[in-house]
Amino acid sequence: MIGAGQAGLAMSRCLAERSIDHVLLERGEVANSWKTERWDSLRLLTPNWQSRLPGFGYEGDDPDGYRTMPETVDFLDRYARVISAPVYTNTTVTSVRTADAGYMVATDLGDWRCPTIVLATGACNIARIPAVAEAMPSGLATLTSMQYRNSDQLEDGGVLVVGASATGTQLADEIHRSGRPVTLAVGEHVRAPRVYRGRDIEWWMDAAGVLDERYDEVDDIVRARRVPSLQLAGSRERATLDLNALTGIGVKLVGRLAGVNGGKAQFSGSLRNQCAMSDLKMNRLLDTIDEWAAENGLDGEVAAPHRLAPTEVEDSPPLGMDLAAGAVKTILWATGYRPDFSWLDVPVLDRKGQVRHDGGVVDSPGMYLMGMQFLRRRKSALMDGVGDDARDLSAHLASYLDGRVTPGAAPG
Amino acid sequence: MADTSTKVDNGVNVAALLDARKALTDAPEAAQFQWRATCTWVKGTHSLSTVEGYFGLGEEHMHKTKFTFDADHPAVFASEDNGATPVELVLVGLASCLMAGVAAVAQQREIQLRSVTATLEGGMNIQGILAIDKDVRNGFDGIKVHFDIDADASPEDLEALVARSQKLSAVYDVVANPTNITVSVN
């Protein structure tokens with residue numbers, strides 16, 4: 001198994017239950033990405049109770065709270081100890097290639113041969129930066145959400161935050177409050193209230209079965225896997241951090257960053273439609289929740305249904321910004337993440353660099369993938385989602401080792 | 001024989017579009033299209049444009065007939081008004097692209113359309129094109145599109161239909177986002 005985050009650990013526990021010998025190779029420590037690649041103030045977007053890993057879960061007295069990064073690392077560290085996961089830390093995989101009836105895994109600490117392999121390095125190894133970044137005028141500080149730790153890193157002055165999903169909105173909020181005026185370039189995003197009818201939105205999505213929707217049951221899985229993560233934040237106040245909240249503290253909204261030309265940023269005229277689509281998506285989710293609540297007799301028990309005010313967009317949002325004029329000192333890319341498979345020397349990547357797989361069963365015998373958006377279920381990339389995937393895929397892996405399944409056939 | 005009388009039919013062959021989407025995912029080079037137009041000066045501000053051939057799916061194609069478009073400027077510009085103003089043709093392009101999207105998405109979502117009308121307005125300060133004020137842009141200062149749709153669907157579904165159509169529209173993208181233009185002359 002490559003990677004000792006929640007996905008690798010959950011799989012380790014499931015394989016141990018089946019007495020399948022395995023090791024986890026980890027470039028750093030357990031939960032390395034959480035420990036070293038996130039900003040200081042980040043809390044998980046899912047509440048504490050929603051971290052039900054195989055044989056482990058939250059037992060503290062704040063089930064509705066959201067873990068800080070040190071608490072997340074500690075939680076996964078304890079899981080690794082409780083399940084006695086055979087983790088080889090500080091072991092960097094340099095290549096994986098096919099070798100007779102299995103794989104040869106080269107690391108900086110020696111080679112391993114294995115009949116099966118699980119890629120559990122996660123979906124967020126590299127910050128995505130759009131091509132327009134190359135045209136940015138020199139003299140501006142640029143950094144990615146992966147490099148950002150806190151606002152003290154930034155020069156005084158304005159900041160253009162590009163991207164308005166969960167990462168972009170949280171950083172826009174924090175940076176604007178630090179006294180650096182933020183302009184937020186808004187592309188596709190999905191709005192959601194943190195708490196709805198008195199309960200966490202994640203509670204509703206879990207209870208109503210939204211998070212359990214399977215990859216082979218949705219209309220268009222390619223599109224479903226591309227949908228940005230919900231615009232949520234984990235805070236003590238359990239506050240909703242949407243574009244209206246940001247506008248309320250003075251953040252300036254502009255359209256998607258469409259180009260940079262002659263030192264000027266060009267913003268798309270699509271802001272109104274991006275916000276309309278996001279509001280519509282949110283309202284469909286809330287409709288689903290309301291229907292489920294009514295069917296399950298919760299209407300008397302929880303607060304009445306309500307809808308959030310539509311996202312406010314000014315009449316004529318600016319279509320451009322002179323980046324050389326001095327008002328903006330920093331560009332912060334919050335334009336998403338992608339996995340890093342540069343070490344994978346097995347021809348399983350499509351032309352977009354994504355692993356070809358069917359619900360985590362990779363298009364190469366005995367190879368499995370975990371921890372990706374909507375891998376097998378809507379919740380696959382969540383702490384709470386890797387458990388069910390690990391149960392399914394460990395069963396497939398066991399059958400494969402027994403010679404009982406055809407390579408590549410998807411589990412039921 | 002199955003009763004098809006209640007089937008949604010907006011005259012869009014969605015199955016063919018979905019097949020094309022699948023085929024072009026597997027063969028990205030075939031997705032490269034090139035659209036063309038030719039424009040000839042007639043007299044004054046009057047011009048005649050034609051579209052006929054285009055390239056796509058790896059080969060040359062012809063429209064089933066040559067389409068022509070007169071363009072001119074109206075009398076208030078001291079012109080003879082022999083055709084639509086070019087900026088009106090831009091509105092026509094945007095409207096018809098969004099309209100095609102509405103029909104296609106409605107078909108895919110099984111929404112029967114009875115009538116759809118889009119009304120467009122593009123505001124413009126002509127101090128820009130007359131070079132009176134260099135701070136005024138030549139183009140539209142904004143475009144408003146209003147759809148009137150009579151269909152078997154909730155208001156929310158119709159809003160979603162129109163939103164999706166904008167997201168998928170080529171002309172919406174052309175108008176809303178910058179495009180590099182290279183002009184040469186002989």
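In the text below, chain A, chain B and the rest are named by the order of the sequence lines, each starting its count at 1. Small disclaimer: the values here were computed from a predicted structure and weren't measured.
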(message) Taking side chain as everything from C-beta outward and backbone as N, CA, C, O, which of these in Gln274(A) sits under 4.5 Å from a heavy atom of chain B? Side chain, backbone, both or neither.
(response)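 When you check distances to chain B, no heavy atom of Gln274(A) falls under 4.5 Å.
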(request) Name the region of Arg272(A), side chain, backbone, both or neither, that has any atom closer than 4.5 Å to a heavy atom of chain B. (result)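 Neither part.
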(message) Looking at chain B, which one of Asp219(A), Asp315(A), Asp220(A), Asn283(A) has the largest number of heavy-atom pairs inside 4.5 Å, strictly under?
(response)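 Heavy-atom pairs under 4.5 Å are most numerous for Asp220(A).
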(request) Considering only heavy atoms and a distance below 4.5 Å, find which of Ala258(A), Gly255(A), Gly259(A), Ser268(A) pairs most often with chain B. (result)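 Highest number of heavy-atom pairs under 4.5 Å: Ser268(A).
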(request) Describe, in one word, how the ring planes of Tyr54(B) and His63(B) are oriented to each other, choosing from parallel (under 30°), tilted (30 to 60°) and perpendicular (over 60°). (result)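 Rings of Tyr54(B) and His63(B): tilted, 30 to 60°.
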(request) Classify the angle between the aromatic ring planes of His306(A) and Tyr196(A) as parallel (below 30°), tilted (30 to 60°) or perpendicular (above 60°). (result)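 His306(A) and Tyr196(A): tilted rings.
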(message) I'd like to verify something: which residue of Glu156(B), Glu159(B), Lys167(B) has the highest number of heavy-atom pairs under 4.5 Å with chain A?
(response)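 Sorted descending by pairs with chain A, the first entry is Lys167(B).
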(message) Keeping Ser169(B) on the side-chain end and Ser165(B) on the backbone end, is there a donor-acceptor pair under 3.5 Å?
(response)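 Here the side-chain-to-backbone pair does not exist.
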(request) Indicate yes or no for a side-chain donor-acceptor contact from Asn10(B) to the backbone of Val12(B) under 3.5 Å, with no hydrogens or angles considered. (result)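 No, the answer is negative, given that no donor and acceptor are paired below the 3.5 Å cut-off.
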(message) Checking side-chain polar atoms at under 3.5 Å, does Thr311(A) have a donor or acceptor matched by the opposite partner on Asn244(A)?
(response)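 Looking only at side-chain atoms, Asn244(A) and Thr311(A) do not form any donor-acceptor pair under 3.5 Å.
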